[in-house]
Amino acid sequence: MRQKKFGSRHTVEKLDCLERYLRAYLKVFEGKDWPHTVYVDAFAGTGEIPIASTYEELPLGIEDKDFIIGSARRALAIDSSFDQYIFIEKKRGNARALEHLKRDYPTKNVRILNTDANSGIQSLCSTIDWKKHRAVVFLDPFGSQVAWQTLEAIAKTKAIDLWYLFPAGLSVHRQLGTQGKVHYTHEESLNRIFGSRDWRTRFIDTVEIAADLFSPAGVGNSKVATPDSVTKYMHERMSSVFAGGVHDKWMPLGQKGGHWYSLMFACANPSPNATKLAMRLAGAVIGSGKRGRAK
Ligand SMILES: C[S@@+](CC[C@H](N)C(=O)[O-])C[C@H]1O[C@@H](n2cnc3c(N)ncnc32)[C@H](O)[C@@H]1O
């Protein structure tokens, strides 16, 4: 089966961060009968990512490989186990590859949903008994696939830790024209991502335009957003629904120095102890390198 080639240095950084969090999370619940732990990978891929980058862009150790190990296989390969793994993948061929992956881990309880991530997550959020379960959800889209309602559904469970690869630069920033023009399909897409129309006043400003030979002076629009300010706005939006908060640091990711995505962490659990621990673990795995900050 042919799979899109997208593996690069930032893919490895993102997956290292997720894996470190999953390992730390499982340690917290090790040996406890309660709660049942679930890992939900909502854009699960196949378990393997074909490498797209050139040799120079790859971290040492994988420069001679064809594949990076993907999120689903990484989660399964950790010795300690979640009580359940739910992999959601829309592409049928990828879902079939996940069925093969599942066979490599016969002792683990794996469920594969060949469906859309938004409907899949929203349905899980409304059917699982969250008094008995705790989960880590990983949203790893290529672009603007994640709808605001999905984030709201996750937040409402009060039981999920979320890692979201938010496409601040690659999707949101690119959908805004330099003169503040936004095509109506992009406008719908932005409303869907943010669950609000307020982005317009945050990302687009009015500017005075000087007269020239052809037109008189007037007022026009200009894009004032950057991938970082777009992430700050998403941080505000998510903070309005995640009772445990959104980590004020995020990991900017992209190729060739570009800020394409922001890897963000949010905690739905309002319990002060749970929040404190989750934020401490997330902060440790996000690390202290060149990172974005909400304040
Ligand atoms: C960036 S890749 C995920 C990579 C994966 N997390 C890994 O580490 O191996 C995005 C995946 O999401 C799938 N996808 C795209 N749109 C989707 C949707 N609406 N619902 C579920 N899966 C989707 C694609 O087929 C692709 O496999």
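Sequential numbering from 1 along the given sequence is applied to the chain's residues. Read the numbers this way: they start at 1 and go in the same order the structure lists the ligands and their atoms. Just so we're clear, the structure is a prediction, and the values are computed from it rather than from any experiment.
Contact annotation: Ala42 has at least one heavy atom less than 4.0 Å from an atom of ligand 1.
In this pair, Phe265 and Trp163 present their aromatic rings tilted. The plane angle is within the 30 to 60° band. A perpendicular orientation is assigned to the rings of Tyr85 and Tyr39, their planes being inclined by more than 60° (bins at 30° and 60°). Between His36 and His133, the ring planes are tilted. Angles from 30° to 60° get that label. In this structure, Phe166 and Phe194 have perpendicular ring planes: the angle between them is above 60°, well past the 30° mark.
Interface of Asn94 with ligand 1, defined as ligand atoms under 4.0 Å from a residue heavy atom, comprises 25 (O), 27 (O). The contact set between ligand 1 and Ala44, taken as ligand atoms under 4.0 Å from a residue heavy atom, comprises 5 (C), 9 (O). The Asp140 neighbourhood of ligand 1 comprises atoms 1 (C), 2 (S), 3 (C), 4 (C), 5 (C), 6 (N), 8 (O), 10 (C), with distances under 4.0 Å to a heavy atom of that residue. Each of the atoms 7 (C), 8 (O), 9 (O) of ligand 1 lies under 4.0 Å from some heavy atom of Ile49. Close approach to Gly70 involves these atoms of ligand 1, each under 4.0 Å from a residue heavy atom: 7 (C), 8 (O), 9 (O). Atoms of ligand 1 lying under 4.0 Å from at least one heavy atom of Thr115, given by number and element, are 20 (N), 21 (C).
Of all the heavy atoms of Asp116, the ones lying under 4.0 Å from any atom of ligand 1 are found in both the backbone and the side chain.
For Gln175 and Ser171, the side-chain atoms include at least one donor-acceptor pair closer than 3.5 Å. Side chains of Ser71 and Asp41: a donor on one and an acceptor on the other come within 3.5 Å.
The line from CG of Leu22 to CZ of Phe138 is 9.0 Å long, rounded to the nearest 0.5 Å.
Not one N or O of Phe142 is nearer than 3.5 Å to an N or O of ligand 1, by distance alone. Residue contacts with ligand 1: Phe43 is placed with a nitrogen or oxygen under 3.5 Å of a nitrogen or oxygen of the ligand (distance criterion only). Residue contacts with ligand 1: Thr46 is placed with no nitrogen or oxygen under 3.5 Å of a nitrogen or oxygen of the ligand (distance criterion only). The distance criterion of under 3.5 Å between nitrogen or oxygen atoms is met by Glu89 with respect to ligand 1.
The option from Ser71, Gly45, Ala147 that lies nearest to atom 7 (C) of ligand 1, judged by heavy atoms, is Ser71.
Thr37 is linked by a side chain to side chain contact (heavy atoms under 4.5 Å, CB included) to Tyr25, Phe29, Phe82, Asp83, counting only residues two or more places apart in sequence or in another chain.
Note that Arg237 lies in the cation-pi zone of Trp148, set by a 6.0 Å cut-off to the ring centre and a 45° limit from the axis.
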